[in-house]
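Written out below as structure tokens is the structure these notes cover.
Order of appearance sets the numbers: ligands from 1, and atoms from 1 within every ligand. This chain uses plain numbering: 1 for the first residue, then up along the sequence.
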Amino acid sequence: MQFTPEILPNLINTVAEVIEKNSEEVTALDQAIGDGDHVINLQRGIGALLEQSAELAELKWTQAIQKIGMTLLSTMGGASGSLFGTLFISMAKAKNDNNILNQHELSVIYALGVEAVKKRGKSDVGEKTMLDVLIPVAECFKKDVDASVEFPKLLENICLTAEKGMESTRDMIATKGRASYMEEKSLGHIDAGARTSQLMICAIADVIGTEKK
Ligand code: ADP
Ligand code: MG
């Protein structure tokens with residue numbers, strides 16, 4: 001399984017669609033324990049990426065991922081803007097001179113990005129944030145790549161892990177971000193950033209699975 005940045009326009013379109021389709025639900029989640037702007041922030045970033053998508057497809061992976069991170073950082077705003085920005089900018093720091101990514105390289109790069117989000121957010125698993133999806137997905141990705149799990153199965157495992165992580169935030173008390181002001185009242189609600197992370201990861205897995213060469 002190998003892919004080049006030519007896959008990016010399709011990926012960005014699919015992510016835009018899945019976020020649009022679920023926007024009301026995500027807004028309600030962020031209204032319940034945050035300030036309700038998460039989808040608006042995210043859609044501002046995705047809108048900027050849609051405008052750049054033809055240009056991104058022409059770049060090398062390192063430059064494309066770096067540009068995605070810079071665009072999210074400069075357009076999104078909110079806590080999630082700096083965290084999603086950090087995710088991509090840190091992924092781009094991994095040297096990848098080869099312009100074709102395979103699943104092993106992607107799992108290593110993605111794990112570096114997630115580590116940087118943990119540092120930036122001073123946060124870890126169990127705090128009711130996007131990291132409750134991002135971290136288990138990084139672990140599952142590495143485990144399946146190391147075990148040479150067949151690619152379609154690996155993608156399915158990643159999406160299932162993302163769903164499980166997202167669901168797990170419902171029974172957590174938030175200790176980071178705006179939701180932490182709610183203390184115990186944050187119980188019973190899924191974290192908005194965990195939900196959008198899961199939606200995007202499952203959508204990306206779907207596109208990668210269908211486009212496989
Ligand atoms: P804001 O909280 O500034 O309104 P958003 O609504 O766009 O920003 O994003 C909120 C999401 O960001 C939360 O649902 C959570 O997943 C994530 N988040 C907030 N703070 C942190 C943190 N310190 N570490 C990890 N993720 C965080
Ligand atoms: Mg918010």
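Residue Gly78 has no nitrogen or oxygen atom sitting less than 3.5 Å from a nitrogen or oxygen atom of ligand 1, judged on distance alone. For ligand 1, the polar-atom distance check against Gly121 finds a nitrogen or oxygen pair separated by under 3.5 Å.
Environment of CD in Glu6: sparse, with no more than 12 heavy atoms of neighbouring residues, nucleotides or ligands closer than 6.0 Å. By the 6.0 Å contact criterion, NZ on Lys176 is enclosed, its count of non-hydrogen atoms from other residues, nucleotides or ligands being greater than 12.
Nearest to atom 8 (O) of ligand 1 by heavy-atom distance, out of Gly36, Ala79, Ser180, is Ala79. Residue Thr129 holds the heavy atom nearest to atom 25 (C) of ligand 1 of all those in Thr129, Val26, Asp37. Of the options His38, Lys122, Arg44, Arg120, the smallest heavy-atom separation from atom 5 (P) of ligand 1 is shown by His38.
Between Phe84 and His38, the ring-plane angle classifies as tilted under the 30° and 60° cut-offs.
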| Pair Thr71-Gln52, side chain to side chain donor-acceptor pair (under 3.5 Å): steps then yes or no | CA-CA 9 Å; Thr71 300; Gln52 295 173 356; 3.0 Å; yes

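Those atoms of ligand 1 with a heavy atom of Gly193 less than 4.0 angstrom away are 14 (O), 16 (O). Residue contact check: Asp35 has heavy atoms under 4.0 Å from atoms 4 (O) of ligand 1.
Between Ile33 and Lys185, the closest side-chain pair of non-hydrogen atoms is not below 4.5 Å.
Looking at Glu163, Glu167, Glu25 one by one, the single match for side-chain hydrogen bond (donor to acceptor under 3.5 Å, both in side chains) with Arg195 turns out to be Glu25.
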